[in-house]
Structure formats: structure tokens, C-alpha cells
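See structure below.
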2 protein chains.
Amino acid sequence: MELPEAKQRFIEAWGKLGSEWGINRTMAQVHALLLISPEALTTEQVMEQLQISRGNANMTLRDLMNWGLIEKQHRSGERKEYFFAEKDVWTIARQVAKERKRRELEPVLKLLTQLQEVQGDAQDPEYATFKTTVTDINKLAGNVDKTLETMLKAEENWFFGSMFKLFK
Amino acid sequence: MELPEAKQRFIEAWGKLGSEWGINRTMAQVHALLLISPEALTTEQVMEQLQISRGNANMTLRDLMNWGLIEKQHRSGERKEYFFAEKDVWTIARQVAKERKRRELEPVLKLLTQLQEVQGDAQDPEYATFKTTVTDINKLAGNVDKTLETMLKAEENWFFGSMFKLFK
DNA sequence: ATAAACTTTCATTAAATATTGAAAGTTTAA
DNA sequence: TTAAACTTTCAATATTTAATGAAAGTTTAT
């Protein structure tokens, strides 16, 4: 396979994977493009390479900055803004985990804890089932949360290396 | 908080979480409903409780069966089909991990391995960056894949318990 | 102060995704 | 064999989500 086709396929696959996991397809594609680009790119270049509008490119780049996945670069004597992606995949993984934990896991965890307090008759199967289910999910979610916390602090080798030793 | 409100909130939160992670909102809600229901429910009951159409209920219940999250129950003397959810949350988590790994992670892993073979000039920064990026992602994805494999075989206590001991 | 270079916004439009419900299909019992 | 009970399908519709692009906004150099 030649490089241009490979790039194309990579960008498409990354976009598809993103959309399957609740991340805007275009955002994932822009991220992919910057990941495989040795140089920082301008909004214009992103627009051209992915055939998207200025507005879309602008908003997507901003989103990616909010996710902490890309950064702006300013070049002296130029007014254009260049964007480049963090290239270390373990750092990227941690960043994504951090954001999704904060945006999606933590609010649910908070609600589950509240729902556990629901009052009712322990003899009522409706009540008993609800309470057990919520409590169990809360426990699991708590474990996931703690594990992510660990992952956020960890170095890749430590995290995966130790895990494999343990579970082989 | 009283039970009916708590149920409502739980179903909504589960639906929202699902949609944030690329799972159809209704599917997550139906799953939530069955999770907190002490008895198996009929399609009619699901339709009524969540205010959805027959077609929608039917397809959603089928999807949930394909995900291995719910099962049919037949009662002697009755023609109706009853549906109930697996209640053990660790089993649910493993089942979801298993399906998403198979449906979404593995195809990407396969493509990445192909893309790593791309031919080109090692002096070309475009080529070098592409190759490095793809190789790195492939390694990480491989680690994630192996970890999920481990998780699929593991008991919850073993999995999280050991992880905490290790990473405290 | 002005205008060129560049970025951002947001109402409109388009695309993707989910839902409906009536009709067709299937199963069971008499 | 037929009809009632129940399930499935799918074309049409509605909803949600994303993208466009022209206009407004901002910054910088002169």
C-alpha cells in the first residue's frame, strides 16, 4: 500500500472508531490528520485536506484543544495559527480517559450515589431490586473510576507491564 | 427521594450515558428498565413504561439479546415472551467489553497492522511520522486488547483487587 | 484610523440516526 | 383450517446531530 492511500484509510478508520465511541467523526478525522502530519497545519490546510468548511474546521480545532489533544503554534512574522497534535499515544490515551471520566463518568457516579439513598420498604421486590442494582453498579463504577485515576498517574510500561505480569 | 422518581432518573441517566458512548439511548433505557425490574417484562410492558412504539420495542429487545444482555423467558400456558436482564454487573461489563472489542476494536487493530506495512522512503518525514504514529497506536491498541482479554476471563475481585494492590 | 489578514459565530441546511405504526408474518389451540 | 394472539418488518416520518458559509469580529501593521 502506498502512503497516500494509507493516510486516507487511517483517517477514515479513526473517524469511524470515534463515531462508534461517541466522538464526532470529523473531530476524530482532524485529530488523525494532525497525528500523522510531521508539521503543524493551518485551518486552511485542514479544510483543504479533509474537504470541510471553515466553520467546521474552526469549531473542530477548538474542540480538540478543549480535549487537550492539540495545541496552537504561532510562527514569528506570520498571523496564521498552526495546529499540531500531541504525538505520544499514551499521553493521548490518558488525556481522553481524563476528559471522559470528568465529563461522563463522574456525573453518573454522583447520581448513583444519590439514588442509593432512595427510601422504601425492604420487603418490596421493586425497591429491593432497584437498590441492589444501583448499589452494585455504583461499586463497579467506583472501581473503574479508581482504576482510571491510577492510569492517569501511570507511565505506560508500569501500567500495562505490571498488569501483564500479574494476569498472565 | 421516592422510588418512582429514582427509577425515572436511573433510566434517564443510563440512556444518557449510553448515548455518550455510542449506544442507542432507547436501548440503554430498556436495559436499565429490565435491570431494575424484579420480574421479566413483556414487550407491551416495555412499550408502556417507556412510551415507545411496538416496532421500536421489538427491535431494541432484539438488539439487547444480540449484545447478550437480556434473555427471553417463556411461561407455560402463555404465548407472550418475557424479557429479563442479566443482573450481575461484572458479567454485564464483561459482556459489553467483549462485544465492543469484537465489533469495534478488532477491525481497527487489523487495519492498523496492515497500515504498518506501508512502503516508502524512510527519509521522507511524511512517511516517517505516519509509520511511527501507526506503530505506536498499534502497540497501545494491542495492550488494550490483551487487557480486555484478561478482563473477560477474570472474576471481578481478582481483576480490580489485584490491580489496587499493585498500584496503590 | 484603516485596511488586510485572519478567526469566530450562528442561522440555515444537510446528513445521519432513531422511531413509528400499519401491514405482513408466524405460531398455537380448538 | 381458521382465527386469535402474538412478533417482525420496513417505508415513511421525525428527531437529533453535524456542517455550511456569509457576516461579524478581532488583531496587527502601517
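Computed from heavy atoms alone, side chains included, the values below leave out hydrogens, waters and symmetry copies. Lettering follows sequence order; numbering is per chain, from 1.
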Worksheet item: How close or far is atom P of dT16(D) from atom CG of Asn24(B), stated in whole angstroms?
Response: 13 Å

Item to complete: Within residues 76-85 of chain A, find the residues that approach DNA chain C with a heavy atom at under 4.0 Å, and present them sorted by residue number.
Response: Arg79(A), Lys80(A), Glu81(A)

Discussion item. Can you tell whether the side chains of Glu149(A) and Lys146(A) come within less than 4.0 Å, N to carboxylate O?
Written reply: no

Worksheet item: Could Arg9(B) and Glu12(B) be called an ion pair, given the rule that one side-chain N must be under 4.0 Å from one carboxylate O?
Response: no

Worksheet item: By a strict heavy-atom criterion of less than 4.0 Å, which residues belonging to residues 33-56 of chain A are in contact with DNA chain C?
Response: Arg54(A), Gly55(A)

Worksheet item: For Arg25(B), which contact category applies under a 4.0 Å heavy-atom criterion: base, sugar-phosphate, or nothing?
Response: nothing

Worksheet item: Does the Glu117(B) side chain pair with the main chain of Gln114(B), one donor and one acceptor, at a distance under 3.5 Å?
Response: no

Practice prompt. Could you tell me whether Glu44(B) and Lys80(B) make a salt bridge, using a distance below 4.0 angstrom between a side-chain N and a carboxylate O?
Written response: no

Worksheet entry | Nearest-Å distance for atom pair CE/P, residues Met27(B) and dT19(C) | 12 Å

Practice prompt. Look at the aromatic rings of Trp90(B) and Phe159(B) and report parallel, tilted or perpendicular, splitting at 30° and 60°.
Written response: tilted

Worksheet entry | Under-4.0 Å salt bridge between Arg100(A) and Glu20(B) | no

Practice prompt. Kindly determine whether Val118(A) and Val134(A) satisfy side-chain contact (heavy atoms from CB on, under 4.5 Å), including the steps that lead there.
Written response: CA-CA 10 Å; Val118(A) 65; Val134(A) 168; over 6 Å; no

Response to the item:
Asp88(A) meets the side chain to side chain donor-acceptor pair (under 3.5 Å) criterion, sequence neighbours left out, with Thr91(A)

Fill in: Comparing Ala57(B) and Ser19(A) on DNA chain C - which has the more 5′ nearest nucleotide
Ser19(A)

